[in-house]
Amino acid sequence: MTFSGKTVAITGADGGIGQALCRYFGAAGAKLAAIDQRPVVEGFVEQLRAEGFTAEFAVVDIGDAESVAESFQALAGKLGAIDVLINNAGFSKHPTFARTDPAGWRGDVNGNLNGAYNCAHAVLPGMIDKRGGAIVNVGSVNGLAALGDPAYSAAKAGMISMTRSLALEYGRFGIRVNIVLPGTVRTPIWNERVQKDPDVLATLVRWYPLARIVEPVDVARAIGFLASDNAAAITGVALPVDCGLSAGNIVMARELTLEDF
């Protein structure tokens, strides 16, 4: 797959999945618009340039619609109109409902769901003008089932609905919109969890039929396919990238059947 000459905007660009996405699309010839709320994204973009990729960056809180619009306009001025938007940015700060106060709920929903909306709203006019484009949202298996982090999960469920609405409404302009739903991904965020419990990943693996968790490049490859011309007839799809987690409850199945699958 090639994205030569195309401009790909990636939010959460300095995170574990974001970095994998930047390198995946950069290797495929894309011009990269790396977006992150943390200033360290500038250093990451310098690394990308040193590796031979064409890249620009913007430091912006995607929950702020006005700042998003200004940043996307500036990036398009440097790289050209956005051809592909990957709404990758996401976070969770409240693991349980009991520990989620109203401000925390609003913050998690704004940073995940509203942020994705703000970015889509910023790029859609340019895609309409070009009569083409692709948006790939990064949701989570949390959007399909209650797995903790209720505000984050509600936002990710909302992203599935938003994806389908966008696909329905903008397909006539040649714009495709899909969403991937990762399971546990081996990103730096898990380093802290491993320090607290060295066996946490081994415990999690029990729930995954492929007997492993997702690697960032797994997510990047799935998104690369959905954003490419190879997926020209695919829109409105919610694709789990979860090593089989959402296929069923393998731990329960083992216990019910007394068989070691």
Side-chain angles (χ1 to χ4, degrees), residues 9-12 15 17-18 21 35 61-65 68-69 72 82 84-97 100 102-128 132-185 214 219-220 222-227 231-242 244-248:
I10 300 166
T11 67
I17 295 175
L21 285 165
I35 300 155
D61 175 3
I62 61 170
D64 182 336
V68 167
F72 272 90
I82 306 299
V84 177
L85 167 65
I86 304 171
N87 273 318
N88 168 64
F91 64 90
S92 175
K93 296 182 178 180
H94 302 87
T96 65
F97 199 92
T100 308
W105 182 276
R106 289 193 299 270
D108 279 9
V109 171
N110 189 55
N112 289 284
L113 177 58
N114 296 348
Y117 163 80
N118 292 338
C119 294
H121 185 264
V123 303
L124 279 169
M127 291 182 176
I128 291 171
I135 298 174
V136 184
N137 297 316
V138 180
S140 170
V141 291
N142 286 53
L144 299 176
L147 298 167
D149 302 276
Y152 168 85
S153 300
K156 293 302 186 180
M159 286 178 70
I160 296 174
S161 180
M162 183 181 74
T163 296
R164 292 169 175 159
S165 296
L166 289 170
L168 196 68
E169 188 169 342
Y170 290 94
R172 67 186 188 276
F173 299 108
I175 300 168
R176 297 183 301 102
V177 189
N178 294 289
I179 184 168
V180 296
L181 309 174
T184 304
V185 183
V214 182
V219 182
I223 291 172
F225 167 69
L226 289 173
I234 300 175
T235 194
V237 164
L239 175 66
V241 183
D242 63 359
L245 179 67
S246 59

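All values derive from a computational prediction rather than experimental measurement. Along the sequence shown, residues carry numbers from 1.
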For residues 120-128, dump all side-chain donor-acceptor pairs below 3.5 Å to protein atoms at least two apart in sequence or in another chain.
none

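- N87 meets the side-chain hydrogen bond (donor to acceptor under 3.5 Å, both in side chains) test with N137; sequence neighbours excluded.
- Side-chain contact between I223 and V138: present, with at least one pair of heavy atoms (C-beta onward) separated by less than 4.5 Å.
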Quick one: side chains of residues 165-173, donor-acceptor pairs under 3.5 Å with protein atoms, not counting sequence neighbours, listed by atom name and distance.
| from | atom 1 | to | atom 2 | distance (Å) |
| --- | --- | --- | --- | --- |
| S165 | OG | S161 | O | 3.2 |
| R172 | NH1 | E169 | O | 2.5 |

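- Closest non-hydrogen pair, L181 versus G139, comes out as CD2-CA, 4.1 Å.
- A222 and V241 make their closest contact through CB-CG2, 3.8 Å (heavy atoms, listed as atom of the first residue, atom of the second, distance).
- A heavy-atom distance below 4.5 Å is found between the side chains of V68 and I62.
- Closest approach of V141 and G183 over heavy atoms only: CG2-CA, 3.9 Å.
- In this structure, CG in L226 is found 7.0 Å from CZ in R176, a value given to the nearest 0.5 Å.
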Hey, can you pull the donor-acceptor pairs under 3.5 Å for the side chains in residues 88-96, sequence neighbours left out?
| from | atom 1 | to | atom 2 | distance (Å) |
| --- | --- | --- | --- | --- |
| N88 | ND2 | T11 | O | 3.0 |
| N88 | ND2 | G12 | O | 3.1 |
| S92 | OG | D149 | OD1 | 2.5 |
| H94 | ND1 | D108 | OD2 | 3.1 |
| T96 | OG1 | R99 | N | 3.2 |

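- Side chain of T235 to main chain of V177: a donor-acceptor pair is present (N/O by atom type, distance under 3.5 Å, no hydrogens or angles).
- For the pair G143 and I160, the tightest heavy-atom approach, listed with the atom from each and the gap, is O-CD1, 4.0 Å.
- The two residues S246 and L144 have their closest heavy-atom pair at CB-CD1, 4.3 Å.
- Among residues two or more places apart in sequence or in another chain, the side-chain hydrogen bond (donor to acceptor under 3.5 Å, both in side chains) test is passed with T184 by Y208.
- The two residues T100 and W105 make their nearest non-hydrogen contact at CG2-N, 3.7 Å.
- Contacts of N110 classified as side-chain hydrogen bond (donor to acceptor under 3.5 Å, both in side chains), with partners at least two apart in sequence or in another chain: N114.
- To the nearest 0.5 angstrom, I175 atom CD1 is 11.0 Å from L85 atom CG.
- Looking at L239 and F225, their side chains never come closer than 4.5 Å, going by heavy atoms from C-beta outward.
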